[in-house]
Amino acid sequence: MKTRKQAHEALVRNFVQGRIDRRTFLGRLSALGVAVPMAGLLENVAHAQTPSDTLVIGAPATPTTLDPEYSSSPQDREVDCSTYDRFTQFKIVTDDNGNRVADLSSPPEPLLAESWEISDGGRKYTIKLREGVKSYFGNELTAEDIVWSWDRVFGLDSQGLFPLGVASIRSKEAYRAVSRYVVEITLDVPNPLLMTVQATPVPGAVFLDSTEVKRHVSEGDPWARKWLATNTASFGPYHAMSFTPGQQVEYVANPNYFRGKQGMARVLYREIPSSATRLTLLKAGAIDIAEDLVTRERRSLAGTEGVSITSVKGNLGVIYGVNNSVEPFTDKRVRQAVAYGLPIDDIINTVYFGDPSVRLFQGPVPDQYPGYPASWPYQPRNAEKAMELLSDAGQSSISFDLSYSTIYPEHEQIAQLIRTSLGEIGAEVRLQKLTPAKYQEQYYSHKAQSVIVQDAPFVVDGAYAEFLFFGPGKGAVGNWIDYVNPEAQDTIMQALGTADLDERNDLATAAARHIVEDVPWPMYLGIGFHMAMRTNVTGLAWRPHNLVHLVDLQKG
């Protein structure tokens with residue numbers, strides 16, 4: 001007969017390995033008479049190793065959807081990059097610290113595309129697909145799958161318009177199937193980013209197994225939105241076998257994958273909202289990877305047997321943005337005042353413990369991107385200048401909401417420091433701590449007055465990054481602060497249509513100078529990419545989207 005401790009341990013193993021759901025888990029805990037906090041219970045689990053053929057990832061949330069056309073969170077985007085392959089991929093190299101990273105200086109390598117030719121001065125791409133590529137459902141990839149998938153983007157007027165627009169694919173007339181395995185793309189203007197965008201990948205415009213998806217369309221749902229919200233249909237390495245929102249996604253390897261057997265047969269992507277619990281589970285060996293641990297928790301793992309941390313300086317940022325179309329931020333002097341009043345040094349030292357990967361980006365793009373202006377006149381903090389600007393704007397005091405998500409505990413610390421610091425210049429900041437769903441709705445619908453966001457421009461190109469966050473029109477999906485400056489935005493669009501890289505980068509720098517003066521983002525901190533794993537997990541590779549690719553991973 002099992003002891004109470006053994007019953008506890010077995011129950012935890014069954015929960016983290018996906019054999020029981022959260023409701024059952026909590027019910028059985030109660031039946032066992034457990035009255036200690038979750039973290040306290042898990043401290044008693046001694047090396048509850050996960051199965052050798054199964055990888056268990058602890059994440060702060062499950063995806064909100066499996067349809068890449070409607071992804072909005074990092075968890076949504078990890079579905080995209082773990083299940084859907086594109087034309088190209090980054091070359092992976094080892095950096096000076098022994099980390100596997102994308103080689104951003106090398107051209108993209110073929111993936112679903114076997115080869116491609118560029119002609120007509122950079123306007124025409126003729127892409128030969130790899131033959132024999134099959135989906136999880138056994139259907140072969142053809143040019144018609146590419147056409148149908150992109151037609152779906154235009155038919156839904158959905159998120160994929162952004163990556164297609166960045167590549168200058170602006171209508172359904174821009175691409176066609178020449179033969180079973182050849183796709184021809186004709187652009188309005190020369191664009192050097194098409195294959196780089198494909199390697200990143202940017203959310204949306206994935207290649208669907210259209211043969212399978214068409215089995216799930218209906219008169220009222222011609223693009224199978226309902227089915228794809230909870231299913232995947234890809235030619236990539238993994239398939240979402242099951243999806244239980246709020247609990248887990250179960251991935252299984254695509255048995256038909258053209259590159260052969262994957263490192264893991266099964267992956268469980270489990271929602272564990274508390275980072276402290278993820279930390280404890282990782283130390284106990286009950287999960288293999290713990291995503292989004294805070295700096296303090298990562299530091300506590302130093303010297304812990306069986307655990308390793310991968311850290312890359314990268315491009316990931318924490319942004320504090322203000323809604324330029326909502327009072328009091330319609331006046332750029334108010335935005336500048338907020339930037340002067342922010343406690344950047346306190347945030348770096350208090351929230352991030354002075355981590356060397358954390359630094360202020362001096363401009364609207366990461367510091368390793370072309371077009372980086374390296375100019376930010378609003379720091380060090382100057383409260384006197386901030387109050388002077390508010391006075392010039394006719395505002396002796398201001399008040400507004402600051403929204404942030406429960407997913408990232410560090411964002412709450414940042415919000416509290418911002419509230420205290422801006423209070424000293426006459427600003428009343430009302431903090432709004434939001435659930436992931438409410439948070440996504442607030443900032444993607446441009447309703448938040450001000451908001452803390454964790455994000456990165458996935459393509460290493462200044463013009464791309466500026467268009468994503470500050471560009472004009474619906475295609476600029478990251479312009480959630482309603483930035484409008486015709487001169488800056490015209491320059492961004494000119495840069496996007498320029499094939500000469502030197503000229504393109506000069507235009508991006510010019511646009512960045514306008515954006516710095518307008519300061520739609522009073523703070524942009526680079527925070528690095530960090531992942532905590534068991535030491536028997538290998539293969540992790542950093543790419544500029546800062547997401548995990550399941551195909552990289554294996555267990556020793």
Side-chain angles (χ1 to χ4, degrees), residues 294-299 313 316-324 328-329 331-364 366-367 373-393 395-434 443 448-455 481 515-528 530:
V294 300
T295 306
R296 169 180 47 78
E297 291 167 338
R298 294 196 306 271
R299 288 165 65 93
K313 196 170 185 180
L316 186 61
V318 168
I319 303 160
Y320 175 48
V322 297
N323 195 324
N324 291 209
F329 301 118
D331 190 323
K332 75 176 180 182
R333 292 170 296 185
V334 174
R335 303 193 296 266
Q336 291 170 343
V338 169
Y340 274 114
L342 291 179
I344 302 299
D345 290 342
D346 285 350
I347 291 170
I348 292 173
N349 293 323
T350 303
V351 179
Y352 295 102
F353 296 89
D355 188 303
S357 66
V358 180
R359 69 278 189 201
L360 179 68
F361 287 151
Q362 299 183 49
D367 51 13
S375 173
W376 194 251
Y378 311 107
Q379 290 291 315
R381 184 173 185 272
N382 189 332
E384 183 178 342
K385 179 67 173 176
M387 289 186 286
E388 178 184 322
L389 283 162
L390 286 179
S391 177
D392 290 347
Q395 303 273 7
S396 58
S397 64
I398 56 174
S399 62
F400 55 89
D401 296 333
L402 192 169
S403 302
Y404 60 93
S405 172
T406 57
I407 285 182
Y408 303 108
E410 288 167 328
H411 291 191
E412 182 167 19
Q413 296 174 266
I414 293 170
Q416 290 168 345
L417 288 171
I418 289 174
R419 178 177 62 181
T420 299
S421 186
L422 293 187
E424 296 172 2
I425 67 167
E428 178 194 6
V429 182
R430 299 178 295 269
L431 301 188
Q432 291 192 323
K433 183 178 181 179
L434 305 175
Y443 92 83
Q449 276 187 286
S450 70
V451 63
I452 295 174
V453 174
Q454 189 157 304
D455 206 348
I481 38 78
I515 297 168
V516 167
E517 181 180 350
D518 292 332
V519 64
W521 293 352
M523 182 188 78
Y524 189 15
L525 283 182
I527 60 170
H530 312 277

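Numbers for residues simply follow the sequence, beginning at 1.
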Just distance, no hydrogens or angles: give the donor-acceptor pairs under 3.5 Å from side chains in residues 415-423, sequence neighbours left out.
{"residue": "Thr420", "atom": "OG1", "partner": "Gln416", "partner atom": "O", "Å": "3.1"}
{"residue": "Ser421", "atom": "OG", "partner": "Gly341", "partner atom": "O", "Å": "2.6"}
{"residue": "Ser421", "atom": "OG", "partner": "Arg381", "partner atom": "NE", "Å": "2.8"}
{"residue": "Ser421", "atom": "OG", "partner": "Arg381", "partner atom": "NH2", "Å": "3.2"}

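Ser405 pairs by the side chain to side chain donor-acceptor pair (under 3.5 Å) definition with nothing, not counting sequence neighbours. Applying the side chain to side chain donor-acceptor pair (under 3.5 Å) criterion to Gln395, with sequence neighbours excluded, gives no partner residue. Judged as a side chain to side chain contact (heavy atoms under 4.5 Å, CB included), and not counting sequence neighbours, the contacts of Gln362 are Tyr372, Trp376. In this structure Asp331 satisfies the side chain to side chain contact (heavy atoms under 4.5 Å, CB included) test together with Arg333, Val334, Ala393, sequence neighbours excluded. Here Asp392 pairs with nothing under the side chain to side chain donor-acceptor pair (under 3.5 Å) rule; sequence neighbours left out. Here Asp345 pairs with Asn349 under the side chain to side chain contact (heavy atoms under 4.5 Å, CB included) rule; sequence neighbours left out. For Arg430, the side chain to side chain contact (heavy atoms under 4.5 Å, CB included) criterion is met by Ser399, Asp401, Glu428, Gln449, not counting sequence neighbours. For Asn382, the side chain to side chain donor-acceptor pair (under 3.5 Å) test picks out no residue, with sequence neighbours left out.
Within the structure, the side-chain hydrogen bond (donor to acceptor under 3.5 Å, both in side chains) test picks out the following pairs touching residues 518-527 (sequence neighbours left out): Tyr483-Asp518, Asn485-Asp518. Legend: ring-ring contact (aromatic ring centres under 6.0 Å, His included) pairs involving residues 398-425, not counting sequence neighbours, sorted by first then second residue: Phe329-Phe400, Tyr408-His411. Residue pairs meeting the ring-ring contact (aromatic ring centres under 6.0 Å, His included) criterion with at least one member in residues 340-359, sequence neighbours excluded, are Tyr340-Tyr378.
Within the 4.5 Å cutoff, the side chain of Leu525 has heavy atoms near those of the Ile344 side chain. Looking only at side-chain heavy atoms (C-beta outward), Ile407 and Gln454 stay at 4.5 Å or farther from each other. The closest side-chain heavy-atom distance from Asn324 to Lys332 is not below 4.5 Å. With a 4.5 Å cut-off on side-chain heavy atoms, Val294 and Gln413 do not count as touching. Using a 4.5 Å heavy-atom threshold, the side chains of Val516 and Pro377 count as touching.
Atom CD1 of Ile348 and atom CD1 of Ile527 lie 11.5 Å apart (nearest 0.5 Å). Once rounded to the nearest 0.5 Å, the distance linking OG1 of Thr295 with NE2 of His530 reads 6.0 Å. Going from atom CG of Asn323 over to atom CZ of Arg335 covers 10.0 Å, rounded to the nearest 0.5 Å.
Shown here for Ala339 and Val519, the closest heavy-atom pair between the two residues is CB-CG2, 3.8 Å. Across all their heavy atoms, Gly321 and Pro522 have their closest contact at CA-CD, 4.1 Å.
Side-chain N or O atoms of Glu412 include none that pairs as donor or acceptor with a backbone N or O of Thr406 at under 3.5 Å. Remark: the backbone N or O of Ala337 is not paired with any side-chain donor or acceptor of Glu388 at under 3.5 angstrom.
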Tell me, with the steps shown, if Ile414 and Tyr320 meet side-chain contact (heavy atoms from CB on, under 4.5 Å). CA-CA 9 Å; Ile414 293 170; Tyr320 175 48; over 6 Å; no
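For the pairing with Met523, the side-chain contact (heavy atoms from CB on, under 4.5 Å) check across Ile347, Ile452, Val338 returns one residue only, Ile347.
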